[in-house]
Amino acid sequence: MAKTHKITGVKPLRSYRENARIILPQKVEEVYTWEPFIRDAARREELHNMRISIKRLRYTMELFRLAYGSPKMRSREVAGTDDKRFTEFLGVIVDLQGILGDIHDCDVVLEVLTDYGTQSEQETIAPGIAKLITQTKETRNADYKTFLEKWEHLSAIGFKQKLLSFFGAACKPKTCY
């Protein structure tokens with residue numbers, strides 16, 4: 001499993017909002033360290049590591065949600081807009097995590113079925129196991145294609161830069177208490 005990247009710049013005496021502005025962009029960058037590997041469907045471990053990094057980003061975003069749109073800290077108009085955008089960004093992250101989770105599930109099933117088939121005393125894999133392997137490979141390939149299409153779309157619309165900008169811009173120093 002991928003080790004989490006060390007977060008730098010966090011100070012215990014800084015505000016919740018200021019630390020969110022420091023931590024979240026670093027979590028985004030951690031996700032993108034896996035991007036060079038995603039166009040190779042055989043890079044199972046790296047895809048799984050990307051899923052783990054996305055999961056960490058998701059949970060960190062959920063932890064810091066109040067820093068982005070809390071009506072008590074800013075005007076309701078700005079807070080509502082930021083909360084809506086935050087929810088949209090989070091939805092994309094959840095979706096990516098889900099697809100990569102489905103791919104990983106298929107990888108695990110394929111490993112188990114293949115191991116079972118090779119450990120069997122028979123010369124060939126039982127027809128039912130062979131069919132299940134074929135179906136699981138088809139499902140994995142479809143999920144992988146879906147992931148790549150979504151990733152390419154997000155790249156085309158500048159998702160990473162929009163997310164990084166939002167994390168930095170949604171909390172200006174004067175509003176970070």
Side-chain angles (χ1 to χ4, degrees), residues 1-40 43-108 143-144 146-177:
M1 179 168 61
K3 291 185 178 180
T4 189
H5 292 200
K6 182 177 175 158
I7 300 294
T8 59
V10 175
K11 303 285 185 203
L13 296 179
R14 282 194 180 135
S15 74
Y16 174 78
R17 290 172 183 255
E18 288 173 309
N19 281 321
R21 290 183 67 208
I22 292 165
I23 294 169
L24 286 168
Q26 291 181 57
K27 290 293 184 185
V28 171
E29 294 297 341
E30 179 183 331
V31 168
Y32 280 84
T33 63
W34 302 107
E35 186 177 27
F37 307 104
I38 65 170
R39 286 165 190 84
D40 182 352
R43 301 298 290 259
R44 293 177 37 204
E45 186 174 341
E46 288 83 359
L47 286 169
H48 177 61
N49 288 338
M50 180 181 239
R51 181 184 74 86
I52 297 300
S53 292
I54 287 173
K55 181 169 73 168
R56 290 178 182 139
L57 172 59
R58 173 193 177 176
Y59 296 151
T60 305
M61 286 177 70
E62 289 172 349
L63 175 71
F64 285 116
R65 182 176 202 129
L66 290 178
Y68 296 91
S70 172
K72 293 181 182 177
M73 294 297 189
R74 296 182 294 179
S75 75
R76 288 198 182 273
E77 181 180 312
V78 172
T81 302
D82 284 350
D83 191 51
K84 182 179 179 198
R85 287 187 66 212
F86 185 91
T87 300
E88 290 169 359
F89 286 129
L90 183 59
V92 170
I93 298 302
V94 169
D95 189 38
L96 291 173
Q97 180 189 352
I99 296 167
L100 286 170
D102 292 343
I103 292 169
H104 180 67
D105 290 348
C106 288
D107 288 339
V108 171
D143 289 341
Y144 178 72
T146 298
F147 169 73
L148 277 183
E149 288 170 355
K150 287 185 185 267
W151 190 266
E152 294 300 330
H153 171 73
L154 292 171
S155 294
I157 64 168
F159 179 78
K160 177 184 177 185
Q161 286 313 112
K162 289 177 182 179
L163 186 59
L164 289 171
S165 176
F166 176 77
F167 286 151
C171 177
K172 302 286 186 219
K174 288 183 179 179
T175 63
C176 294
Y177 300 106

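Just so you know, these numbers use all the heavy atoms, side chains as well, and skip hydrogens, waters and symmetry mates.
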Atom pair [atom1] ([X]) and [atom2] ([Y]), whose distance is rounded to the nearest 0.5 Å:
| X | Y | atom1 | atom2 | value |
| --- | --- | --- | --- | --- |
| Ile23 | Thr60 | CD1 | OG1 | 7.5 Å |
| Arg56 | Arg58 | CZ | CZ | 14.5 Å |
| Thr87 | Asp82 | OG1 | CG | 10.5 Å |
| Ile99 | Arg51 | CD1 | CZ | 13.0 Å |
| His153 | Leu148 | NE2 | CG | 14.5 Å |
| Ile38 | Glu152 | CD1 | CD | 6.5 Å |

- Task: Applying side chain to side chain contact (heavy atoms under 4.5 Å, CB included), run through Thr8 and Ile22 and close with a yes or a no.
- Result: CA-CA 8 Å; Thr8 59; Ile22 292 165; over 6 Å; no

- Criterion side chain to side chain contact (heavy atoms under 4.5 Å, CB included) on Lys162 and Ile157, from CA distance to verdict: CA-CA 9 Å; Lys162 289 177 182 179; Ile157 64 168; 4.2 Å; yes

- Task: Apply side chain to side chain contact (heavy atoms under 4.5 Å, CB included) to Phe147 and Leu96, showing your working.
- Result: CA-CA 7 Å; Phe147 169 73; Leu96 291 173; 3.9 Å; yes

- Report the residues that fulfil side chain to side chain contact (heavy atoms under 4.5 Å, CB included) with Asp105, sequence neighbours left out, ordered by chain and then residue number.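 Asp102.
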
- Parallel, tilted or perpendicular: rings of Phe166 and Phe86 (30°, 60°):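 Phe86 and Phe166: tilted rings.
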
For a quick test of reading the model, state the closest non-hydrogen atom pair linking [X] to [Y] and the distance between them.
| X | Y | result |
| --- | --- | --- |
| Trp151 | Glu35 | NE1-OE2, 2.8 Å |
| Ile7 | Gln26 | CA-OE1, 3.3 Å |
| Asp143 | Cys106 | OD2-SG, 4.3 Å |
| Asp83 | Arg65 | OD1-NE, 3.5 Å |
| Ile103 | Tyr144 | CD1-CA, 3.6 Å |
| Ala67 | Tyr16 | N-CE2, 3.6 Å |

- Query: Looking at residues at least two apart in the chain, or sitting in another chain, which of them share a side chain to side chain donor-acceptor pair (under 3.5 Å) with Lys160?
  - Reply: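 For Lys160 the side chain to side chain donor-acceptor pair (under 3.5 Å) partners, ignoring immediate neighbours, are Glu29.
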
- Query: Hey, does Arg21 have a side-chain heavy atom less than 4.5 Å from the side chain of Phe64?
  - Reply: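 No; the side chains remain at least 4.5 Å from each other.
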
- Do His104 and Met50 pass the side chain to side chain contact (heavy atoms under 4.5 Å, CB included) test, and can you show the C-alpha distance, the side-chain angles, and the key distance before you say yes or no? CA-CA 11 Å; His104 180 67; Met50 180 181 239; over 6 Å; no

- So, Lys27 side chain and Tyr59 main chain: donor-acceptor pair closer than 3.5 Å or not?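 No; zero donor-acceptor contacts below 3.5 Å.
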
- Query: Would you find a donor on one side and an acceptor on the other, under 3.5 Å apart, between the side chain of Arg43 and the backbone of Pro36?
  - Reply: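 Looks like no, no N/O pair under 3.5 Å.
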
